[in-house]
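Scroll down for the structure; my scribbles are underneath it.
Naming convention: chains lettered A, B, ... in sequence-line order (proteins, then strands); numbering from 1 in each chain. If you're wondering where the values come from, they're calculated on a predicted model, not measured in any experiment.
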There are 2 protein chains.
Amino acid sequence: MASERERPSGTGGERPSSAERRTPGQRAGLTRDAVMAAARAALAQDGVDGLSMRRLARRLGVAPNALYSHVASRDDLIDALLDDTLGEVRSPDPSRGDWRRGIETMTRRTYDVLLAHPDLVPLYIARRGARGPVAVALGEQMLAMLARGGIEGDEATEALRTLIVHTIGFAAFATGDTLPPGPSALTPRALERLFARSLGWLLDGIAAEPRARS
Amino acid sequence: MASERERPSGTGGERPSSAERRTPGQRAGLTRDAVMAAARAALAQDGVDGLSMRRLARRLGVAPNALYSHVASRDDLIDALLDDTLGEVRSPDPSRGDWRRGIETMTRRTYDVLLAHPDLVPLYIARRGARGPVAVALGEQMLAMLARGGIEGDEATEALRTLIVHTIGFAAFATGDTLPPGPSALTPRALERLFARSLGWLLDGIAAEPRARS
DNA sequence: ACCTGAACACCGTTCAAGT
DNA sequence: ACCTGAACACCGTTCAAGT
């Protein structure tokens with residue numbers, strides 16, 4: 001369906017680049033945002049294979065090395081992509097409802113965002129999550145909710161880590177093929193219920209842990 | 001310390017290949033086992049970068065395409081490597097002790113084996129585990145233990161999947177750098193305790209689930 | 001500062017040969 | 001059946017130039 005060679009129009013960031021050949025020194029009007037938009041479009045159309053610097057450059061109608069004026073490296077680009085994507089997670093009102101429900105909805109929304117970008121999930125794992133400002137903000141909100149449940153300090157760090165591992169881990173298995181030996185592949189619906197249920201088990205354990213009294 | 005260019009002696013599978021240049025048709029004495037041994041040695045010395053077909057071939061003193069006589073593709077080689085490595089997990093006597101302890105020790109041993117091969121962990125995740133005969137056998141032992149606890153059918157499949165996600169997920173975070181936002185990096189010891197504790201939470205949940213009576 | 005051309009040092013894989 | 005030589009279609013990144 002989607003031709004990929006010679007169709008400059010698209011989701012975002014592409015250049016015409018047909019006849020107008022540039023000589024060294026001529027600007028192409030590239031920006032970091034345009035590069036990032038092209039990366040998102042490439043990911044959507046061609047999967048993770050589309051995220052090579054050379055294919056991105058082709059898509060933008062520039063020489064491969066032109067990208068390095070706006071992005072430090074391919075790793076830098078991917079890190080930014082991962083962090084940006086987490087921005088799609090709407091965080092619930094941190095002061096409303098009980099802390100456990102807040103964590104459940106936030107975790108579930110993160111899970112949904114990850115499932116919406118299946119090609120990125122292996123990258124989240126390979127880089128062990130995101131470290132950008134969005135990820136930091138998300139983590140701080142989770143810590144605030146845990147604090148409202150009386151969980152703080154090292155305990156909160158550990159609980160957060162457990163929840164992150166659980167969320168990314170399940171997203172990885174939901175987006176992949178079958179892992180567990182045996183023919184019984186769970187449906188996405190069943191997997192999501194399992195995710196929610198096992199999340200409940202973890203929260204039971206987190207809430208029940210003996211804590212140093214404040 | 002370890003030179004990598006011109007030292008044919010090593011852990012396993014390397015060839016002399018110095019003066020003896022072969023012409024097409026001359027055998028190099030390669031076997032699939034030799035290729036796999038070279039892959040393990042390359043992984044240990046050079047990390048995952050050492051697992052390229054061309055570097056493997058250099059290490060073995062053969063042309064790059066010679067490997068394809070013993071291995072279908074790079075993916076095939078890596079799948080075999082992942083499954084083989086799981087063979088290091090000693091499974092406890094399945095008929096001794098209570099089922100929960102059996103699962104705990106088996107899960108913990110798997111965790112330890114994964115930590116012993118940190119470079120492989122991202123590969124396990126990217127491929128969502130291993131699907132070879134060793135992985136299948138391991139899964140069946142886990143299912144047998146769950147069955148002794150009265151957990152069978154879909155419930156057992158779901159429990160097994162949860163445990164696998166939990167184990168590989170924690171291994172990924174233990175072998176990686178810090179993920180969770182904030183400066184508080186957990187020590188390996190603390191992480192292992194957290195792994196064991198959260199495993200306990202999951203098993204509590206698995207054991208407490210209402211079940212259809214047999 | 002932003003871009004091109006050319007190059008470097010790589011990849012996985014295939015195809016046609018040789019024994 | 002097992003191997004080599006050569007090739008194809010790629011990579012990420014750097015360096016020297018041009019405006």
Qualifying salt bridge (Lys or Arg N to Asp or Glu O under 4.0 Å) pairs with a residue from residues 104-120 of chain B, counting only residues at least two apart or across chains | B/R100-B/E104, B/R108-B/E192
Sub-4.5 Å side-chain heavy-atom contact between [X] and [Y]:
X: B/L30; Y: B/L67; value: yes
X: B/R161; Y: A/L191; value: yes
X: A/D84; Y: A/R40; value: yes
X: B/L81; Y: B/L51; value: yes

Dot-bracket line, read 5' to 3' along DNA chain D, where crossing pairs take [ ] and | marks a partner on another strand, Watson-Crick or G-U under 3.5 Å = ||.|||||...|||||.||
Just the rounded figure in Å: distance from [atom2] of [N] to [atom1] of [X].
X: B/L51; N: C/dC11; atom1: CG; atom2: P; value: 11 Å
X: B/D75; N: C/dT13; atom1: CG; atom2: C1'; value: 12 Å
X: A/R54; N: D/dT14; atom1: CZ; atom2: C1'; value: 12 Å
X: A/R58; N: D/dG12; atom1: CZ; atom2: P; value: 11 Å
X: A/R55; N: C/dC11; atom1: CZ; atom2: P; value: 21 Å
X: B/L77; N: C/dT13; atom1: CG; atom2: C1'; value: 14 Å
X: A/Y68; N: D/dA17; atom1: OH; atom2: C1'; value: 19 Å
X: B/M53; N: C/dC10; atom1: CE; atom2: P; value: 18 Å

Taking only the side-chain nitrogens and oxygens of A/H70, find out if one of them lies under 4.0 Å from OP1 or OP2 of C/dA1.
-> no
Would you tell me if any nitrogen or oxygen in the side chain of A/R22 comes within less than 4.0 Å of OP1 or OP2 on C/dC3?
-> no
Spacing of the [atom1] atoms in [M] and [N] (rounded, Å):
N: D/dC3; M: C/dC15; atom1: C1'; answer: 14 Å
N: D/dA17; M: C/dC2; atom1: C1'; answer: 13 Å
N: C/dC10; M: D/dA9; atom1: C1'; answer: 13 Å

Ring-ring centroid check B/Y111 B/F170, cutoff 6.0 Å | no
First of B/R74 and A/T23 reached from the 5' end of DNA chain C, by closest nucleotide | A/T23
Look at B/D83 together with B/R127 and state whether they make a salt bridge at an N to O cut-off of under 4.0 Å.
-> no
Describe the nucleic acid contact of A/S52 in one word from base, sugar-phosphate, nothing, applying a heavy-atom distance below 4.0 Å.
-> sugar-phosphate
